[in-house]
There are 2 protein chains.
Amino acid sequence: MPRGDDDRRVAEKLFAIADAFERGDELTLSEIAERARLPLSTAHRLLGEWVEWGGITRSSDGRYRVGIKLWRLAVRQPSSRRLRIAAKPYLEDLFESTGEHVHLAVREGLGAVYLERMSGVNAVPSITDIGSRLPLHATGVGQALLAFAPPGVFEDVIAAAPRRFLPGTIVDETALRERMVRIRASGVAMSVEALTKGAFSVAAPVRDATGDVVAAVSIIAHVERRDEPQFALGVRIAGRGISAALGYRP
Amino acid sequence: MPRGDDDRRVAEKLFAIADAFERGDELTLSEIAERARLPLSTAHRLLGEWVEWGGITRSSDGRYRVGIKLWRLAVRQPSSRRLRIAAKPYLEDLFESTGEHVHLAVREGLGAVYLERMSGVNAVPSITDIGSRLPLHATGVGQALLAFAPPGVFEDVIAAAPRRFLPGTIVDETALRERMVRIRASGVAMSVEALTKGAFSVAAPVRDATGDVVAAVSIIAHVERRDEPQFALGVRIAGRGISAALGYRP
DNA sequence: TCCCGGATTCCATGGGATGGAAGCGGCTCG
DNA sequence: CGAGCCGCTTCCATCCCATGGAATCCGGGA
């Protein structure tokens, strides 16, 4: 028993292994053991469990990768499927009428996760990809999600010391809180050069049948176009439309 | 210690909980415990682990659902992403030129899992949806995947006593084995009224850079059109094209 | 053939998983 | 209004099985 400071229970170790794939593609046993900070033999045994279940598969070259089982489990998840299906036509409309990046995102903890994305070839450069996770305070969607998040989330964001990416990033508690109030009042969140130089984003919330804000739609475009009213209008209408499609009756 | 016949280790129990969501959407603790065949308190504790990790989330009404974390993990999986991206244009072509159902599927154990699907409004009725899993022996894609699967898979299929869905379903070992040989020779699999009345499906394998068959493309159409050459030709060309896009050099 | 790095297997030990039971909270019905 | 019920949560004494260091295996490069 060398040290007891990193004792974790079985589940945590299993999950640590899954987390090793967070930004990794195909990993060898040793890589996984290292990332999960587990002894080789332990990692080996637990990987065996994952593989037996099918959550992780082993390719012919001996490397491990996330299995289709997990994908199936996640993709068939009815509520997010419903959301994506309801949103599709609205996102397409938005995209076709603006030609800019169009996103659908949901909140996961203190991040905004991108469920769907459509992007034009000559839109402003942006790294956001499906499945990406960006901080709540630094994007339009993030702020829209944060403004309507359950109590406590805002405090968590502040406690986590929001990072300043660019001069335009709002990190001050009072400024951020005030912005939340404005977003709740107007129903639209706009953030200018908060994360990406030369870009701004407008976002609107999406509600489900119970009235909870479950997602947000956004457009990202060149910063010079920030004052054109079509963007804010577009996301607001899309937000309402998707909400209605989900059964929300105001 | 009432009985020791259903002892399972921690990992198995955790996974049994995940499996409870297989065909379920939002579940209560008791439902999960029942489906996973676990005592309530155990299910409760392990669910807690899942929730803490984020693989399962708890909605405002107290029900549990698969979390976005799992979705992210699965959707960012590079190899299947690569496959989907490579396949997209070919599937669209196929779909636009035929107007029938077009599928991309991979093998998971003894099933074919549908990764991508495009379907016309007036195509033959079919229940297959993204994330579905159909038996290998009873569909075009399934047979294409089975024909090129690693040794042992065919035997497993036979051992699992393939089910006869319709008179057209091939369940006999010799007939199935012979068909595999033909598929390997011709590079195309066709199955007529094996799973769905009035429908036939043609499929072709997709290879990755190492030459392994990693997926299959298929078209499902009305059975009367089974002799039109465009379908077999189409999937074969699509199969080759996607393989090439994945780096396969024959 | 030998070597080396990575993967796999082994096994004695003790700490964490276990699940029955009790406690809790909200809802219904008499 | 109180009793009863149902589903969820918490507790904790017992004991099982997860643990990980070490030995072994395997494959490929020299």
Side-chain angles (χ1 to χ4, degrees), chain A residues 1-21 24-67 150-152 210, chain B residues 1-21 24-67 150-152 210-212:
Chain A
M1 61 203 83
R3 62 229 131 126
D5 62 319
D6 62 358
D7 287 344
R8 286 174 289 177
R9 60 189 80 88
V10 192
E12 286 181 74
K13 296 183 186 180
L14 274 171
F15 295 147
I17 287 180
D19 278 332
F21 290 91
D25 36 337
E26 310 194 344
L27 306 174
T28 64
L29 170 61
S30 347
E31 287 167 338
I32 295 170
E34 192 190 1
R35 296 197 192 194
R37 332 198 82 244
L38 290 172
L40 217 64
S41 59
T42 303
H44 181 255
R45 185 165 34 81
L46 295 182
L47 263 170
E49 306 272 10
W50 272 108
V51 171
E52 191 188 343
W53 180 57
I56 294 177
T57 44
R58 190 143 195 209
S59 25
S60 45
D61 60 355
R63 285 169 174 268
Y64 296 90
R65 59 168 68 165
V66 175
T210 70
Chain B
M1 63 202 79
R3 64 225 130 131
D5 62 320
D6 63 358
D7 286 345
R8 287 174 289 177
R9 59 190 81 89
V10 190
E12 286 181 73
K13 297 184 186 179
L14 273 171
F15 295 146
I17 287 180
D19 279 331
F21 290 91
D25 37 338
E26 309 194 344
L27 306 174
T28 65
L29 171 60
S30 346
E31 287 168 338
I32 295 170
E34 192 191 0
R35 297 197 190 194
R37 333 197 82 243
L38 290 172
L40 216 65
S41 59
T42 303
H44 182 254
R45 184 166 34 82
L46 295 181
L47 263 170
E49 306 272 10
W50 273 108
V51 171
E52 191 188 342
W53 181 57
I56 294 177
T57 44
R58 191 143 195 209
S59 26
S60 44
D61 61 355
R63 287 169 172 267
Y64 295 89
R65 59 169 67 167
V66 175
T210 71
D212 295 339

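Chain letters run A, B, ... following the sequence lines, proteins first and then strands; every chain starts at 1.
To the nearest 0.5 Å, atom CG of residue B:Leu27 and atom CD of residue B:Glu34 are 10.5 Å apart. A distance of 13.5 Å separates CZ of A:Arg63 from OG1 of A:Thr57, quoted to the nearest 0.5 Å. Distance check, rounded to the nearest 0.5 Å: NZ of B:Lys13 to CD of B:Glu49 gives 13.0 Å.
Minimum interatomic distance between B:Phe21 and B:Arg65 (heavy atoms only, all atoms of both residues): CE2-CA, 3.7 Å. Here the closest heavy-atom approach between residue A:Ser59 and residue A:Glu26 is recorded as OG-OE1, 4.1 Å. The heavy-atom pair separating A:Thr28 from A:Tyr64 by the smallest distance is C-CD1, 4.4 Å.
In this entry the distance linking CD of A:Glu49 with C1' of D:dT19 reads 13 Å, nearest Å. Across the protein-nucleic acid pair, A:Leu47 atom CG and C:dG6 atom P stand 16 Å apart, rounded to whole Å. For the pair A:Leu46 CG and D:dC17 P, the interatomic distance rounds to 15 Å; values are reported in whole Å. The distance between atom CD of A:Glu31 and atom C1' of C:dG6, rounded to the nearest whole Å, is 11 Å. Taking atom NZ of residue A:Lys13 and atom P of nucleotide D:dA18, one finds them 11 Å apart after rounding to whole Å. Computed from coordinates, the B:Leu14 CG to D:dA18 C1' distance equals 13 Å when rounded to whole Å. Distance A:Arg9 CZ to C:dG14 C1': 17 Å, rounded to the nearest Å. Taking atom CD1 on A:Ile17 and atom P on D:dG20, their separation rounds to 11 Å, with Å as the unit.
Contact between the side-chain N/O atoms of A:Thr42 and the OP1/OP2 oxygens of D:dT19 is not found at any separation under 4.0 Å.
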Look for any protein N or O under 3.5 Å of an N or O in nucleotides 9-13 of chain D and output each such pair with its distance, or none.
unit_1	atom_1	unit_2	atom_2	d
D:dT9	OP1	B:Arg58	NH1	2.9
D:dT9	OP1	B:Arg58	NH2	3.4
D:dT9	OP2	B:His44	NE2	3.1
D:dT9	O5'	B:His44	NE2	3.4

Every protein N/O within reach of nucleotides 25-28 of chain C N/O, cut-off under 3.5 Å:
none

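Relative ring orientation between B:Phe15 and A:Trp50 is described as tilted, the plane-to-plane angle lying within the 30° to 60° band.
Screening A:Thr42, A:Ile56, A:Leu14 for a side-chain contact (heavy atoms from CB on, under 4.5 Å) involving A:Leu47 leaves a single residue, A:Ile56. With respect to A:His44, the side-chain contact (heavy atoms from CB on, under 4.5 Å) criterion is satisfied by exactly one of A:Ile32, A:Leu29, A:Leu38: A:Leu29.
Rounded to 10°, the helix from C:dT1-D:dA30 to C:dG30-D:dC1 has 40° between the axis fitted to its first five pairs and the one fitted to its last five.
Looking at the side chain of A:Ser30, the nearest of the listed nucleotides D:dT19, C:dT18, C:dG6 is C:dG6.
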